[in-house]
Amino acid sequence: MATNKPLITVIIPIYNVEKYLSKCLDSVINQDYHNLEVLLVDDGSTDSSGKIADEYGTKDKRIKVVHKENGGLSDARNYGLKLMTGDYVTFIDSDDYVTSDYVSFMYNLLKETDFTAPLAICSIINVYSGSGRKKDDGNQTKAVLTGKTCIEMMCYHDLVDTCAYAKLGRRELYTDDFFPKDKLFEDIGSTYKLFLQCDKVACGFSGKYYYVIRPNSIVRSNFSPKKLELLEMTDKMAKDVTANYPDLQSAVSRRQVYARFSTLNQTLHSKDVKEVQKQLVKYIKLNKKAILNKKAPRRDKIAYYLLCLGLSLYRYAWSQYEQRKGDN
């Protein structure tokens, strides 16, 4: 079908997601924006995911399937970036799915700036797999913001997310080996780099990306020393951001403290983690100024004061909060 709209590449890394892959791919091939290149990067799946990908490749000529040795999520995304031929790129994780206007919504945000913004973002809808509950993280507004403002909002969990998905960017924004290989929490170590390159970001804070929260996800699984990479990724982000914008020190400090809280939460029901917990709590208390400033979310302050009352009370309060969120 002839079109004067630019070719947009959708990169979907795939690894052992046979239960969820068809739902994801159906949501992509049914986009109301048709000029797509869909790259399915099978990252060494050992289940039937690769076969499912191949079947979709025979059904839709826009789909290209590549099979590679397992290298992790970042490696699969970087592999897709090397193969893409589109003018713009968006990422979708293979166990998530998107609305039918996911691509067109962000494309139209760029169009509304006469394509002077190289990056568009939308909001995510959290889907709690246990209860089926859905929660839109957006507030249904639109804005054209500077990359600097987006970084500040991201650091405060204010509408702008760190995720690699729910974004549509010009190919040139994604430099070689854009995603840090062999690292967990690679999004916090890469998304800020997009914003650093943008004078303008076209923002549509409406949920268009369904992020499915599962009990066994990387973020929610039991603690291991590998989880400490969140601190490494966050601290690198903080260093790079403040090198460009020293006045964002308070914002990045808040995100660094949040990373410690997040890691602490994952240790709460694990064994042999007392030394790790001690270091995390020490960091949080030494940097309390970052979470007591007026821009930090109220939940930060509540968490801090609970932690000051002792780790046992904090553990109990966190368990209650998790249950109320509807995660189970």
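Throughout, numbering of the chain's residues begins at 1 and tracks the sequence.
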Legend entry - Y79 six-ring face occupied by K82 cation (under 6.0 Å, within 45°): no

Legend entry - Heavy atoms from other residues, nucleotides or ligands near CD of E69 exceed 12 (cutoff 6.0 Å):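 No.
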
Inset, instruction - Assess whether atom NZ of K19 is packed by more than 12 heavy atoms of other residues, nucleotides or ligands within 6.0 Å. - result: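 Atom NZ in K19 is not packed in, count stays at 12 or less.
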
Inset, instruction - Describe, in one word, how the ring planes of F91 and F179 are oriented to each other, choosing from parallel (under 30°), tilted (30 to 60°) and perpendicular (over 60°). - result: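 Taking F179 first and then F91, their aromatic rings stand perpendicular (interplane angle over 60°).
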
Inset, instruction - List the steps, then state whether salt bridge (charged side-chain N to carboxylate O under 4.0 Å, His left out) holds for K134 with D136. - result: CA-CA 7 Å; K134 296 183 175 74; D136 190 335; over 6 Å; no

Inset, instruction - Decide whether Y258 and W318 are clustered together by the hydrophobic rule: side chain heavy atoms of Ile, Leu, Val, Met, Phe, Trp, Tyr closer than 4.5 Å, transitively. - result: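 In one cluster with Y258: W318, no.
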
Inset, instruction - May I ask you to check whether D96 and Y209 show a side-chain donor-acceptor distance below 3.5 Å? - result: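 Checked: D96/Y209 side chains pair up, N/O donor to acceptor below 3.5 Å.
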
Legend entry - Approximate separation, where rounding is to 0.5 Å, of L109 CG and F115 CZ: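 If I round to the nearest 0.5 Å, the distance is 10.5 Å.
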
Legend entry - Inter-residue atom distance D26.CG - L21.CG, 0.5 Å rounding: 9.0 Å

Inset, instruction - Apply side-chain contact (heavy atoms from CB on, under 4.5 Å) to K167 and L194, showing your working. - result: CA-CA 10 Å; K167 292 169 179 63; L194 296 176; 4.2 Å; yes

Legend entry - Lys/Arg N to Asp/Glu carboxylate O, D43 vs R77, below 4.0 Å: no

Legend entry - Between Y88 and Y174, ring centroids under 6.0 Å: no

Legend entry - Residue pair D247, K148: steps toward the salt bridge (charged side-chain N to carboxylate O under 4.0 Å, His left out) verdict: CA-CA 10 Å; D247 55 326; K148 179 183 178 182; 2.6 Å; yes

